[in-house]
A.B. asks: 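Below is the structure I would like to discuss, written out as structure tokens.
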Amino acid sequence: MPSTCVIGLQWGDEAKGKVVDLLAPQFEIVVRFLGGANAGHTVVVGGDKFKLHHIPSGILTPSVMNLVTPGVVINPATILQEVETLTKRGVKVGSQNLMLSDRAHIVCPWHILEDQVLDGSPVAGENIGTTLRGIGPCYRDKVGRTFAFRLGDLYREDFRKRVFDTVAAKLRMLAGLSETPNASFPLDAEKIYEEYLDYANRMRPFVGDTTAYLLDAVDADKRILFEGAQGTMLDVDHGTYPFVTSSNASGAGVSAGSGVPFRKVEKCIGVSKAYTTRVGGGPFPTEQNNEIGQCIRDLGGEYGTTTGRPRRCGWFDVVAVRYGVRVSGVDSLAIMKLDVLSTLPEIQLGMSYELDGKKITHFPSHVDDLRRVVPVYETLPGWQSDISKVRQLKDLPMNARKYLDRISQVVDRPVGLVSVGADREATILD
Ligand code: GDP
Ligand code: IMO
Ligand code: MG
């Protein structure tokens with residue numbers, strides 16, 4: 001397999017973790033290049049469930065080196081907890097299979113407070129509904145530079161002074177942002193310094209220069225798998241802005257977030273559910289806020305891996321996925337959770353959008369237009385039989401194959417992988 005990226009095509013939670021775990025044995029390196037603890041990637045092996053937030057899903061494959069690169073924003077407490085949980089469950093995690101970039105930015109307590117304060121300030125008339133993990137504020141400081149901390153900064157002599165200076169500034173900023181008069185914020189510089197120093201010491205074995213490591217790997221023609229987080233529709237530039245995350249979650253982010261030249265990323269697998277889900281605010285044209293949506297939520301266990309929030313559910317949106325495929329440069333599709341649709345007598349595909357009574361072929365750039373589009377559906381018959389044990393395309397019921405064929409045709413990409421259950425084994429590879 002050439003160097004490949006795995007990118008979500010919808011609004012996240014497409015089951016990217018499962019795809020990466022499945023493909024990892026064919027690669028030498030797995031790279032997580034964006035996002036942070038807002039991501040929750042689930043891998044199920046022989047009935048054992050692992051939930052990963054920062055650590056790449058290659059960690060369950062012993063031969064693989066896992067890198068967390070500069071584009072990621074690391075929450076030290078969460079990543080150390082992940083290491084501890086994996087170790088307790090018998091997964092070996094050490095400097096031989098995990099490296100964290102010293103260039104990656106660090107989520108600090110003020111970022112979480114800022115996320116909470118701003119959560120009460122709607123944008124475009126609606127709450128973004130972030131994961132409250134401090135992701136937006138941390139990326140804001142990264143771009144703003146003045147108050148940013150990179151992992152490598154935790155080991156520098158001026159670290160203590162910078163924490164004190166930043167806390168003083170952040171207290172002023174938070175007071176200004178808050179709508180509660182005289183609000184106080186629990187930021188104690190000395191405590192934060194001590195806490196982060198302890199994290200720094202515990203993370204030390206893993207800290208390294210992932211960029212140098214990857215550039216050498218590229219020169220040596222090593223096989224690299226890039227693990228996307230979030231999804232193309234949550235991309236800060238190309239997604240449903242402002243209801244997006246704060247980084248480039250489409251294929252566009254692979255090179256910037258990892259440091260691998262874009263011409264060296266040879267293949268892109270686009271991951272999509274056989275239907276659509278979204279967590280948080282923002283437009284969702286094919287949403288089924290009714291008993292069908294509830295049925296998909298129940299059958300698909302559609303509750304957030306990170307926050308436990310119920311996911312909004314709806315039909316497969318061809319317009320959004322086709323846009324995602326083109327933006328991310330996808331070669332083939334992985335269609336996940338097909339089993340979830342197995343009991344439905346009929347399945348709908350959102351084929352196109354109408355805006356003000358006119359069919360549109362492009363994906364609207366403004367959230368106000370996207371809110372007003374009316375999807376035009378095509379109805380396909382369901383298969384109404386259990387497909388969770390099927391391992392070959394030819395053994396799928398005819399109507400399930402027709403559904404996949406139709407998706408492939410209208411999205412204009414081949415389907416290379418179909419998932420019919422959470423476990424690694426419950427997979428059909430073409
Ligand atoms: P990610 O963030 O893209 O890695 O996806 P999540 O892990 O947040 O959400 C996907 C959920 O679906 C997880 O609970 C997986 O265990 C589960 N899952 C993955 N593939 C399948 C499948 O084919 N069928 C079913 N029923 N569940 C699946
Ligand atoms: P994985 O990698 C689904 C959503 C949040 C919110 C918006 C902004 O598991 O697919 P943020 O905390 O990033 O500022 O929130 O983005 N969001 C996700 N939704 N899966 C994710 O990650 C997500 N990461 C962020 O719900 O709507
Ligand atoms: Mg997830």
Side-chain angles (χ1 to χ4, degrees), residues 2-16 19 33-35 71 226-245 247-258 260-278 282-286 314-336 349-355 358-367 369-370 373 375-378 403-418 430:
S3 287
T4 299
C5 60
V6 172
I7 301 291
L9 292 174
Q10 300 166 310
W11 283 275
D13 299 328
E14 298 91 346
K16 300 171 291 292
V19 175
F33 57 91
L34 81 150
F226 299 89
E227 175 171 0
Q230 291 80 54
T232 303
M233 307 314 281
L234 289 171
D235 184 290
V236 66
D237 288 306
H238 309 292
T240 52
Y241 193 89
F243 302 98
V244 292
T245 191
S247 59
N248 285 116
S250 69
V254 179
S255 177
S258 67
V260 171
F262 70 91
R263 290 170 60 200
K264 299 292 179 184
V265 184
E266 293 157 279
K267 199 176 160 204
C268 181
I269 297 173
V271 188
S272 167
K273 282 178 187 166
Y275 46 94
T276 312
T277 63
R278 165 160 219 182
F284 176 178
T286 60
W315 297 119
F316 189 95
D317 184 335
V318 172
V319 186
V321 172
R322 196 166 47 208
Y323 171 70
V325 156
R326 295 171 74 204
V327 166
S328 287
V330 164
D331 299 294
S332 72
L333 302 171
I335 301 292
M336 314 303 284
L349 272 180
M351 297 293 288
S352 58
Y353 294 158
E354 280 184 359
L355 183 62
K358 284 196 196 109
K359 185 174 164 179
I360 55 167
T361 50
H362 64 281
F363 192 79
S365 56
H366 201 284
V367 76
D369 288 341
L370 194 57
V373 299
V376 179
Y377 289 104
E378 180 173 298
Y403 182 63
L404 292 172
D405 286 348
R406 188 69 177 133
I407 287 177
S408 172
Q409 182 189 32
V410 291
V411 172
D412 196 23
R413 291 296 182 278
V415 175
L417 187 159
V418 180
D430 193 18

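Worth saying up front: this structure is predicted, and the values here are computed from it rather than measured.
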A.B. asks: Hey, does the side chain of K16 reach the backbone of Q230 with a donor-acceptor pair shorter than 3.5 angstrom?
C.D. replies: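 Here the side-chain-to-backbone pair exists.
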A.B. asks: Write down the atom of L9, the atom of M233, and the distance for their closest heavy-atom approach.
C.D. replies: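 Distance-wise, the nearest heavy atoms are O-CG, 3.8 Å.
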A.B. asks: More than 12 heavy atoms of other residues, nucleotides or ligands under 6.0 Å from OH of Y377: is that the case?
C.D. replies: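 Yes, because the 6.0 Å sphere around OH of Y377 holds more than 12 heavy atoms from other groups.
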A.B. asks: Name the residue from I7, V260, T4, L34 that meets the side-chain contact (heavy atoms from CB on, under 4.5 Å) definition with F226.
C.D. replies: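 Going through I7, V260, T4, L34 one by one, the side-chain contact (heavy atoms from CB on, under 4.5 Å) with F226 is satisfied by V260 alone.
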A.B. asks: Are T286 and Y275 close enough, and set up right, to give a side-chain contact (heavy atoms from CB on, under 4.5 Å), and what steps lead you there?
C.D. replies: CA-CA 9 Å; T286 60; Y275 46 94; over 6 Å; no
A.B. asks: Between H238 and S250, which heavy-atom pair has the shortest distance, and what is it?
C.D. replies: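 Answer, listing the atom of H238 first, then S250: CD2-OG, 4.0 Å.
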A.B. asks: Can you tell me how far OH of Y323 sits from OG1 of T361, rounded to the nearest 0.5 angstrom?
C.D. replies: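 It is 13.5 Å, given to the nearest 0.5 Å.
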A.B. asks: I need the F316 CZ to Q10 CD distance, nearest 0.5 Å.
C.D. replies: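 Answer rounded to 0.5 Å: 6.0 Å.
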A.B. asks: With side chains defined as the heavy atoms from C-beta onward, is the minimum distance between I269 and L417 less than 4.5 Å?
C.D. replies: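 SC-SC contact between I269 and L417 ruled out.
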A.B. asks: Please name the pair of heavy atoms, one in V244 and one in G239, separated by the smallest distance, quoted to 0.1 Å.
C.D. replies: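 What the structure gives for the nearest pair is CG1-C, 3.8 Å.
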A.B. asks: Going through the checks in order, is the side-chain contact (heavy atoms from CB on, under 4.5 Å) test met by L349 and R406?
C.D. replies: CA-CA 9 Å; L349 272 180; R406 188 69 177 133; 3.6 Å; yes
A.B. asks: Between E14 (side chain only) and G12 (backbone N and O only), is there a donor and an acceptor less than 3.5 Å apart?
C.D. replies: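 Indeed, once roles are kept as given, a pair shorter than 3.5 Å links the two residues.
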A.B. asks: Please tell me if the side chains of W11 and T240 come closer than 4.5 Å, counting only heavy atoms from C-beta onward.
C.D. replies: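 Sidechains of T240 and W11: in contact.
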A.B. asks: Please assess Y241 against V236 for the test side-chain contact (heavy atoms from CB on, under 4.5 Å), listing each intermediate value before the final yes or no.
C.D. replies: CA-CA 6 Å; Y241 193 89; V236 66; 4.1 Å; yes
A.B. asks: Apply side-chain contact (heavy atoms from CB on, under 4.5 Å) to residues D412 and V325 and explain how you reach the verdict.
C.D. replies: CA-CA 9 Å; D412 196 23; V325 156; over 6 Å; no
A.B. asks: Can any side-chain N or O of R413 pair as donor or acceptor with the backbone N or O of V330 at less than 3.5 Å?
C.D. replies: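 Between the backbone of V330 and the side chain of R413 there is a qualifying donor-acceptor contact (under 3.5 Å).
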